[in-house]
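See structure below.
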Amino acid sequence: MIAILKAGVSQAQVDNLIHWLESQGLKIHVSAGDYYTVLGLVGDTGKIDMDLLASLDIVQSVKRVSEPFKRCSRDFQPQDTVIEVGSAKIGGGNFCLIAGPCSVETHEQIIGVAKAVKAAGANVLRGGAFKPRTSPYDFQGLGKLGIEMLTEAKRETGLPIITEVMNINQLPLFDDVDIIQIGARNMQNFDLLKEVGKLHKPILLKRGLCGTMKEWLMSAEYIMSEGNEQVILCERGIRTYETYTRNTLDLSAVPMLKQLSHLPVVVDPSHATGKAKLVPPMALAAAAAGADGLMIEVHNDPPHAWCDGAQSLTPEQFADVARRARAVREAAL
């Protein structure tokens, strides 16, 4: 349920109403806009008399949120969520470039790539320390050592870092990680979602391989229901019957999610296509569709990458894509 307050109400009036609603056992989310304030009511709203609430002098209107996801609903919060990490901003018209190798391999590799992508305009450095792989015999990542190397790259370049967590037990290693990634295979790992919901740092939630948009948003709701409202949605392609690409990039999700939710939406064309030659056109298409950012795999030597070299761009290719994507995004605004 949401209550839209009239323009010009005093803070004291708002505080009194919030206090009364909280006394009914509800949690209140406040979204203050330029012209009106929206109170989001979370909990057993069945005990609230909608007519009584609507009759209050400071209340303009009251309505129930029909979607099963509440906190991430656009009705619940009309304004875009903007997430700040260091000097980077994601959402609300800001365009963020996240770039780096699929996996951290060596000290020289991650430091070199970090410096290159920063020079090309990247705002956040990505790199896999723990790698979910289809085959148990493939490289699984350097683990703790990989995070330590990422942290050193952060010190060297000043770029915030993002890397993927695989399970709850790994979370103590992520204290120095700026954005925690929940991968596609863990989109509905509800125990993990609830645990990262207790943290006070941004969470990038990738869409599951066969996840619908509603299921994806419900996963975001799990995180937000625990109090962490810093959620970034990442479209990375879904599994279809197509075999020429690794996955099928669903760019319709970008404008659709913008209607449904206030959360920022970024696109990962690398995992979506699995082919380096397809990354640039899909990156530009994502920028034109209104994405709040791109997540692109960049490697200094793709043919010899330990993981996913076929979909990785060189630093020079990334610099070209970054320049063109920003131009497209500016034109699309």
Side-chain angles (χ1 to χ4, degrees), residues 42 65-74 76-77 81 83 90 98 102 126 128-136 138 140-141 162-174 177 179-242 246-254 256-272 274 291-292 295 308:
V42 180
V65 178
S66 58
E67 298 290 356
F69 44 89
K70 310 298 182 186
R71 289 179 179 266
C72 59
S73 168
R74 178 71 73 175
F76 202 81
Q77 179 179 311
T81 286
I83 293 174
I90 309 172
I98 304 169
C102 176
R126 64 145 291 146
F130 297 94
K131 297 301 301 178
R133 306 301 299 276
T134 302
S135 170
D138 288 338
Q140 305 288 313
I162 176 173
T163 192
E164 181 175 349
V165 66
M166 296 286 294
N167 61 64
I168 293 172
N169 295 333
Q170 295 168 353
L171 283 173
L173 300 174
F174 283 67
V177 174
I179 306 174
I180 295 178
Q181 176 180 312
I182 302 296
R185 292 172 177 84
N186 271 322
M187 187 196 83
Q188 290 185 311
N189 182 340
F190 300 124
D191 288 339
L192 180 58
L193 297 179
K194 287 188 285 187
E195 202 64 28
V196 298
K198 299 172 185 176
L199 303 179
H200 299 288
K201 62 175 60 185
I203 308 299
L204 183 139
L205 178 64
K206 285 200 165 186
R207 185 179 186 177
L209 278 70
C210 300
T212 66
M213 280 184 253
K214 180 178 286 188
E215 290 168 340
W216 188 10
L217 287 169
M218 289 305 297
S219 292
E221 193 76 10
Y222 262 92
I223 299 171
M224 299 178 75
S225 68
E226 295 293 331
N228 188 350
E229 298 181 350
Q230 300 184 82
V231 179
I232 305 159
L233 302 172
C234 181
E235 164 60 40
R236 44 81 69 206
I238 53 176
R239 178 167 291 170
T240 68
Y241 48 79
E242 185 52 69
R246 183 174 183 177
N247 295 287
T248 298
L249 182 57
D250 181 10
L251 287 180
S252 67
V254 176
M256 189 72 254
L257 290 170
K258 291 287 187 179
Q259 293 181 38
L260 294 170
S261 176
H262 54 85
L263 297 176
V265 183
V266 303
V267 172
D268 177 353
S270 302
H271 279 92
D292 294 301
M295 190 174 191
D308 287 344

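Residue numbers start at 1 and run along the sequence shown.
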**Request:** Drop me the distance from C234's SG to L204's CG, to the nearest 0.5 angstrom.
**Result:** 5.0 Å
**Request:** Calculate, to the nearest 0.5 Å, the distance between atoms CG and OG1 belonging to L249 and T240 respectively.
**Result:** 11.0 Å
**Complete:** Residues passing the side chain to side chain contact (heavy atoms under 4.5 Å, CB included) test with S73, sequence neighbours excluded, are V65, F69, D75, F76
**Asked** Is any side-chain heavy atom of F130 less than 4.5 Å from a side-chain heavy atom of N167?
**Response** no
**Under 3.5 Å: donor-acceptor pair, side chain of N186, backbone of N189** = no
**Asked** Any side-chain heavy atom of P269 sitting closer than 4.5 Å to one from V267?
**Response** yes
**Message:** Measuring only between side-chain heavy atoms, which start at C-beta, is V42 closer than 4.5 Å to R71?
**Reply:** yes
**Asked** Do Q77 and T81 get their side chains close enough for a donor-acceptor pair, meaning under 3.5 Å?
**Response** yes
**Prompt:** Which is it for K131 and C102 under the side-chain contact (heavy atoms from CB on, under 4.5 Å) test, yes or no, and what are the steps along the way?
**Reply:** CA-CA 9 Å; K131 297 301 301 178; C102 176; 3.2 Å; yes
**Request:** Step by step, work out the side-chain contact (heavy atoms from CB on, under 4.5 Å) result for M295 and I162.
**Result:** CA-CA 10 Å; M295 190 174 191; I162 176 173; 4.1 Å; yes
**Message:** With salt bridge (Lys or Arg N to Asp or Glu O under 4.0 Å) as the rule and sequence neighbours excluded, what pairs involving residues 200-212 come up?
**Reply:** K206-D268, R207-E235, R207-D250
**Asked** Can you list the steps and then say if R74 with Q259 is a side-chain contact (heavy atoms from CB on, under 4.5 Å)?
**Response** CA-CA 7 Å; R74 178 71 73 175; Q259 293 181 38; over 6 Å; no
**Message:** What's the separation between atom CD1 in I180 and atom CD1 in I203, rounded to the nearest 0.5 Å?
**Reply:** 4.5 Å
**Message:** Can you confirm whether I238 sits close enough to N247 that some side-chain heavy atom of one is under 4.5 Å from a side-chain heavy atom of the other?
**Reply:** no
**Nearest non-hydrogen partners of V231 and P264, listed with the distance** = O-CD, 3.5 Å
**Prompt:** Which value, rounded to the nearest 0.5 Å, describes the distance between Q230 atom CD and I90 atom CD1?
**Reply:** 10.0 Å
**Fill in**
Residues V265 and V254: closest non-hydrogen pair is CG1-CG2, 4.3 Å
**Fill in**
salt bridge (charged side-chain N to carboxylate O under 4.0 Å, His left out) filter on E221, not counting sequence neighbours, yields none
**Request:** Mind checking side-chain hydrogen bond (donor to acceptor under 3.5 Å, both in side chains) for R236 and listing every partner two or more places apart, or none if nothing turns up?
**Result:** none
**Message:** Let me confirm one number: the CD-CG distance from E195 to N169, rounded to the nearest 0.5 Å.
**Reply:** 9.5 Å
**Stepwise side-chain contact (heavy atoms from CB on, under 4.5 Å) test for L199 and L171** = CA-CA 10 Å; L199 303 179; L171 283 173; 4.2 Å; yes
**Item:** Where P132 and E164 come nearest, the two heavy atoms and their spacing
**Value:** CG-OE2, 3.5 Å
**Asked** Listed by chain and number, what are the side-chain hydrogen bond (donor to acceptor under 3.5 Å, both in side chains) partners of R185, not counting sequence neighbours?
**Response** T134
**Fill in**
When every non-hydrogen atom of E242 is compared with those of T248, the smallest separation belongs to CB-OG1, 4.0 Å
**Request:** Report yes if the side chains of I232 and L205 come closer than 4.5 Å at any heavy-atom pair, otherwise no.
**Result:** no
**Asked** Considering only heavy atoms from C-beta outward, does the side chain of M213 approach that of L257 to under 4.5 Å?
**Response** yes
**Asked** Got a sec, which pairs hit ring-ring contact (aromatic ring centres under 6.0 Å, His included) with one end in residues 183-241, sequence neighbours left out?
**Response** F190-Y222
**Asked** Between R246 and D308, is there a side-chain N and carboxylate O pair less than 4.0 Å apart?
**Response** yes
**Request:** For L193 and M187, work out which heavy atoms get closest and say how close.
**Result:** CD1-O, 3.2 Å
**Request:** Hey, could you give me the CD/CD1 distance between E229 and I223, rounded to the nearest 0.5 Å?
**Result:** 12.0 Å
**Request:** Mind listing the closest non-hydrogen atom pair of G128 and T163 along with its distance?
**Result:** CA-OG1, 3.8 Å
**Message:** Given 3.5 Å as the limit, does a donor-acceptor pair link the side chain of N228 with the main chain of P202, or not?
**Reply:** no
